[in-house]
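So the structure is just underneath, and the comments pick up after that.
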Amino acid sequence: ADSALYHAKEQGHSILPYNASFNSMTPKRIALLSDLHRGIWENQLRLVYQPKVDIQSQTLVGFEALLRWQHPALGNVKPDEFIPLAESSNFIRPLTSWVLDAAFTQLRRWRDKGFNVTLAVNLSVRNLHDQGLVESIIQSMANYELPPSCLELELTETVIMSDPKLVQEVLNGLHDHGIKMSIDDFGTGYSSLVYLKRLPVSTLKVDYSFVVNMLSDEQDEIIVRSTINLAHNLGLKVIAEGVENLETLKRLGELNCDQAQGFYIGHPLEESAIEGWLNENQQW
Ligand code: C2E
Ligand code: CA
Ligand code: CA
Ligand code: CA
């Protein structure tokens, strides 16, 4: 680890305070994490917003906030590259605080314009293990004068199964305050149906890996169909992600899927592109 730190320093990157997780990280990853640390303060992060629509009524239900990092030398770094890095260190805490704050700022701006939508934010395992997460979200939303019902939190099955008892407590706390929750990437983890039944979640999000090929892969379609039935039988809504064409959207409608998200409906949009998207997609 010493030589790794030395190496990262030699390359001219600022160094984070020593963290035990560095032991298992390559110099490149340490350098990237260090850059991310700086990137937060230097305004290199932003949110983009991907629309979620109701399939039957063809109306907009809200957006999902997705994090983007414009690195000064590397350009656009994908969240799949830096979120796991932040998750493996404590940096996911300040990163998530940044995301929530940016999301609330955006929601406030929208509501001031009379645009009342819900915004979904992704949470990581560690966030749920944070004492005070619920309090800080509630406090923050109150400061922005936002009703808790305009926030939705997306949690993966991995998050839930990391410590089902604790997670259930946290989710109950959020639910009691009126915050909505959904289970992301459903079908890729190993969630026990017992917890699914107990948790105060309102929506299952079918993972895009099942949706993207569901027209050509019979097994994928079976999985999507079964998930929709399971969710409905448990009183939950279903959203399919990864909807890339009209045929898939139509099929999902036939299968009674409630909502859809994906490139066919809308790519993740810059804030400035949202009004244009809304004008072009009147029926959503
Ligand atoms: P996710 O939550 O499953 O987000 C969906 C990802 O699929 C996004 O990638 C989105 O751009 C992409 N996508 C949307 N529609 C389609 C489609 O029709 N086809 C295909 N092939 N892909 C589609 P993105 O933005 O690169 O995010 C990747 C992952 O990074 C997210 O997966 C989420 O797990 C994580 N992430 C993003 N932002 C945050 C954040 O603020 N906090 C945390 N903890 N994780 C985040
Ligand atoms: Ca998500
Ligand atoms: Ca997902
Ligand atoms: Ca995913």
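Remember, it's 1-based here, ligands and their atoms both numbered in the order they're listed. Keep in mind that the numbers below use all heavy atoms, side chains included, and drop hydrogens, waters and symmetry copies.
By heavy-atom distance, the residue among H267, E87, E244 lying nearest atom 19 (N) of ligand 1 is E244.
Centred on the Ca ion (ligand 2), the angle running from E64 (OE2) to N122 (OD1) is recorded as 90°, rounding to 10°.
Between the side chain of S140 and the main chain of I137, no donor-acceptor pair closer than 3.5 Å is present. For the pair N233 (side chain) and L230 (backbone), a donor-acceptor distance under 3.5 Å is absent.
Here the options are T227, V238, I55, I228, the test is side chain to side chain contact (heavy atoms under 4.5 Å, CB included), and the partner is L255; only I228 passes. With respect to V48, the side chain to side chain contact (heavy atoms under 4.5 Å, CB included) criterion is satisfied by exactly one of L269, I274, L67, L66: L66.
When every heavy atom of P94 is checked against every heavy atom of I40, the shortest pair comes out as O-CD1, 4.0 Å.
Taking every non-hydrogen atom of D80 and a distance limit under 4.0 Å, the qualifying atoms of ligand 1 come out as 28 (C), 29 (C), 30 (O). Residue contact check: P268 has heavy atoms under 4.0 Å from atoms 11 (O) of ligand 1. Against a heavy-atom cut-off of under 4.0 Å, Q50 is close to the following atoms of ligand 1: 14 (C), 15 (N). Every atom of ligand 1 is numbered from 1 in the order shown, and the set under 4.0 Å from a heavy atom of Y208 is 21 (N). Below 4.0 Å from some heavy atom of D185 lie the following atoms of ligand 1, by number and element: 3 (O). Of all the atoms in ligand 1, the ones that sit under 4.0 Å from a non-hydrogen atom of V99 are 41 (O).
Nearest to the Ca ion (ligand 3), among the N, O or S atoms that D184 has, is OD1. E154 has its closest N, O or S atom to the Ca ion (ligand 2) at the position named OE1.
Ionic pairing of R251 and E254 is present here: one or more N-O contacts between side-chain nitrogen and carboxylate oxygen are shorter than 4.0 angstrom. Using a cutoff of 4.0 Å between basic side-chain nitrogens and carboxylate oxygens, E154 and K52 are scored as salt-bridged.
Linking ILVMFWY side-chain heavy atoms closer than 4.5 Å, directly or via other members, places F186 and I239 in two distinct hydrophobic clusters.
Only the side chain of D184 comes within 4.0 Å of ligand 1, counting heavy atoms alone; its backbone N, CA, C and O stay farther away. Neither the backbone nor the side chain of T156 has a heavy atom within less than 4.0 Å of ligand 1. Contacts between R68 and ligand 1 below 4.0 angstrom, taking non-hydrogen atoms only, involve the side chain exclusively.
In the displayed structure, K180 atom NZ is contacted under 6.0 Å by more than 12 heavy atoms of other residues, nucleotides or ligands. The local environment of NE2 in H129 is crowded, with over 12 non-hydrogen atoms from other residues, nucleotides or ligands closer than 6.0 Å. Counted within 6.0 Å of CD on E275, heavy atoms from surrounding residues, nucleotides or ligands total 12 or fewer; the atom is thus considered open.
None of the N, O or S atoms belonging to D207 lies under 3.0 Å away from the Ca ion (ligand 3). Among the atoms of D185, an N, O or S atom falls under 3.0 Å from the Ca ion (ligand 3). Among the backbone and side-chain atoms of E241, no N/O/S atom is found under 3.0 Å from the Ca ion (ligand 2).
The shortest N or O to N or O distance between L67 and ligand 1 is under 3.5 Å. Where the criterion is an N or O separation shorter than 3.5 Å, residue side chain and backbone included, N127 fails it with respect to ligand 1. At a 3.5 angstrom cut-off on N or O pairs, E154 does not count as close to ligand 1. For ligand 1, the polar-atom distance check against Y264 finds no nitrogen or oxygen pair separated by under 3.5 Å. Between N122 and ligand 1, at least one N/O pair is under 3.5 Å apart. For a threshold of 3.5 Å applied to N or O pairs, the pair formed by F263 and ligand 1 contains at least one separation below that value.
Ring pair H37/F91 is tilted by interplanar angle, where 30° to 60° counts as tilted.
Under the 4.5 Å side-chain criterion, counting only non-hydrogen atoms from C-beta, L32 is in contact with L74.
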| request: Before giving the answer on ring-ring contact (aromatic ring centres under 6.0 Å, His included), spell out for W110 and F63 the whole-Å C-alpha distance, their side-chain angles and the decisive distance to 0.1 Å. | output: CA-CA 12 Å; W110 281 335; F63 293 94; 5.3 Å; yes

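For E64, the closest heavy-atom approach to ligand 1 falls below 4.0 Å.
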